[in-house]
Amino acid sequence: MTITEARKRPFDPAPKPGLRFENFRQICESGFGDAHNSYAHSMTWFKNRLYVGTTRSNFCMIQLQKFFKDLNLAVWPIVEGPTDVEGLYKLDRRSQIWRYDPLENSWQEVLRSPLVMGTTGEEVAREMGYRAMAVFQGESDVEPALYVATTAPSRAPGSLILRSEDGENFSVVSKPGILGLPITTTRVLVPFKGRLFTSPTGTRGQVVGRFNVAVGQCNVSGVPVVYESRDPAKGEWRAVSSPGFGDPDNEGVFMLCPFGEQLYAGTFNNKGFQIWRSDCEGEPPYQWTKVIDQGAYRGSLNQIAISLMVFNNALYIGTAIQNGGFDYKNRIGPAAPEVIRIFPDGSWDLIIGTARDTPDGKKKPLSGLRPGFNNSFNGYFWCMEVHDQWLYLGTSNISSVILSWLLLDRFPDRSRRLFEQVGVDNIVKNQGGFELWRTSDGENWLPVHRNGFGTPYNIGIRNLVSTPYGLFVGTANPFGPRVAVQQGDRWVYSDNPRGSLEIWLGST
């Protein structure tokens, strides 16, 4: 095997021992006592406490989406949800922010979304999710403040930026839609060079500029533009990139990450994600340079650059296909994700994935692992974090759990025979739930846990946060409060004590 340059470096001191599953303890169960808290959609460390923003009733929302209606399900997996949009708006969708004090081992709810007048003249939740958090000190901030980006129901005024100085009192510091645009979701807030950067993710479906966005595409932005603010407390934002970096196939700027003196941006693109970077100097729009094209030459199977993290002087990229690894609408996938590594000079390695020829030569996975850590049910490499000299990566895996409710007799013969031969129960037991992995050099990976910390209903690790007290893990788990269970030839909904989001803390 050819020895890569990365492996020729001088011997490094051994890192601290990495975390094992035995080092983790659960500090929150059942969605803070509310099983409709499905996702720990945002997490950050602020004033020596952990903050967690929830998104609620995720399965109740996606039950109305065409993709899931077209699945051959014997029954809807969770407690009977609404059958129409009017029923959806009768649910309590007010998202929450919770704060954890590690010294007292206690949780406190610090914010619950208020109700506001909706577009139909009825009260709705102002936000149904808190999608991103960042600690940042702008020009008007006397000290670092907590900023939060929200997800709004379609009938609410729009996505907002919230601000808190003390972690208890939150004020709105933006127009609805951040800039007065029909923006419903903002999933990224990143500090860089004294500015806070963001990019809208979802819209209501109106035509915005030259981008025509269909209703219900929460990951497709009608405004795929990077914005910055030196003073977000005053709601002052300006565009610093052209739409889609000049490429109409870039339907959203999904992630932003500082690396050295450059800000990197990963896109959503049905032909394969792109990576762009800029030093963000001079007058906007800044000069942006493309670093990676066509999903690192895997094409549409690397639809999204969903996670970015700097580790050992390189930028690591986790990929994804929306809808859990199978974009039914765009006929992309199913396929498992990859990990790409970019160096400051723009060169890149394939770490986990499928070997292929590229304009930069033959690329083979340096880890020896196929996509998804050799698990085809992993749909996203959803988040990464560096903790005690190790890079941790959490996956999303919903496909294997959904098998429990699929009508296999409607599948093609080959697929049906495969599932029947292996056994759906065996697949769910052995491959259900998220996976957590770690590496000390970026190439050799060790599993921390491969079955959702003990339940297949933990379909994903949505956030990882390194703190002086350990590594916090926030999960995505929409299988609450009850789940469909087969009893003989009929289905019943039973209480699910492991339904809804969980928070775990790993420490040695």
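- Using a distance-only test at 3.5 Å, with no hydrogens or angles considered, no donor-acceptor pair links the side chain of Tyr147 to the main chain of Ala132.
- In this structure, Phe254 has its ring center no closer than 6.0 Å to that of Trp276.
- Residues Thr508 and Leu19 meet the side-chain proximity criterion, which asks for heavy atoms closer than 4.5 Å.
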Check against ring-ring contact (aromatic ring centres under 6.0 Å, His included), Tyr392 and Trp445: CA-CA 9 Å; Tyr392 290 81; Trp445 293 79; 9.4 Å; no
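- In terms of the ring-ring contact (aromatic ring centres under 6.0 Å, His included) criterion, residue partners of Trp288 (sequence neighbours excluded) are, by chain and number, Phe245.
- Ring pair Trp98/Tyr51: centre-to-centre distance not below 6.0 Å.
- When side chains are defined from C-beta on, Pro285 does not count as touching Ser242, because their heavy atoms never get closer than 4.5 Å.
- Ring pair Trp382/Tyr380 is perpendicular by interplanar angle, where above 60° counts as perpendicular and below 30° as parallel.
- In summary, the aromatic rings of Phe453 and Phe24 are positioned with their centroids under 6.0 Å apart.
- Taking Tyr264 as the reference, Phe259 meet the ring-ring contact (aromatic ring centres under 6.0 Å, His included) condition, with sequence neighbours excluded.
- Heavy-atom contacts from other residues, nucleotides or ligands closer than 6.0 Å to CZ of Arg356 number more than 12.
- A donor atom on one side chain and an acceptor atom on the other are not found under 3.5 Å apart for Asp279 and Gln262.
- For the pair Arg331 and Tyr328, the cation-pi criterion (under 6.0 Å, within 45° of the ring axis) is fulfilled.
- Among all heavy-atom pairs drawn from Gly129 and Thr55, the shortest one is CA-OG1, 3.3 Å.
- Within the 4.5 Å cutoff, side-chain heavy atoms of Asp247 are placed close to those of Gln274.
- The main-chain N or O of Thr354 is never found under 3.5 Å from a side-chain atom of Lys363 such that the two would form a donor-acceptor pair.
- Between Lys193 and Glu261 there is a salt bridge, since a side-chain N of the basic residue sits under 4.0 Å from a carboxylate O of the acidic one.
- Few gaps surround NZ on Lys290; more than 12 heavy atoms of other groups in view lie less than 6.0 Å from it.
- A donor-acceptor pair under 3.5 Å links the side-chain atoms of Thr395 to the main chain of Glu435, judged by distance alone.
- Counting heavy atoms from C-beta outward, Leu308 and Leu315 have side chains that approach closer than 4.5 Å.
- Judged by distance alone, with hydrogens and angles left aside, the side-chain atoms of Thr54 form no donor-acceptor pair with the main-chain N or O of Asn37 at under 3.5 Å.
- A side-chain donor-acceptor contact under 3.5 Å links Thr198 to the backbone of Val188.
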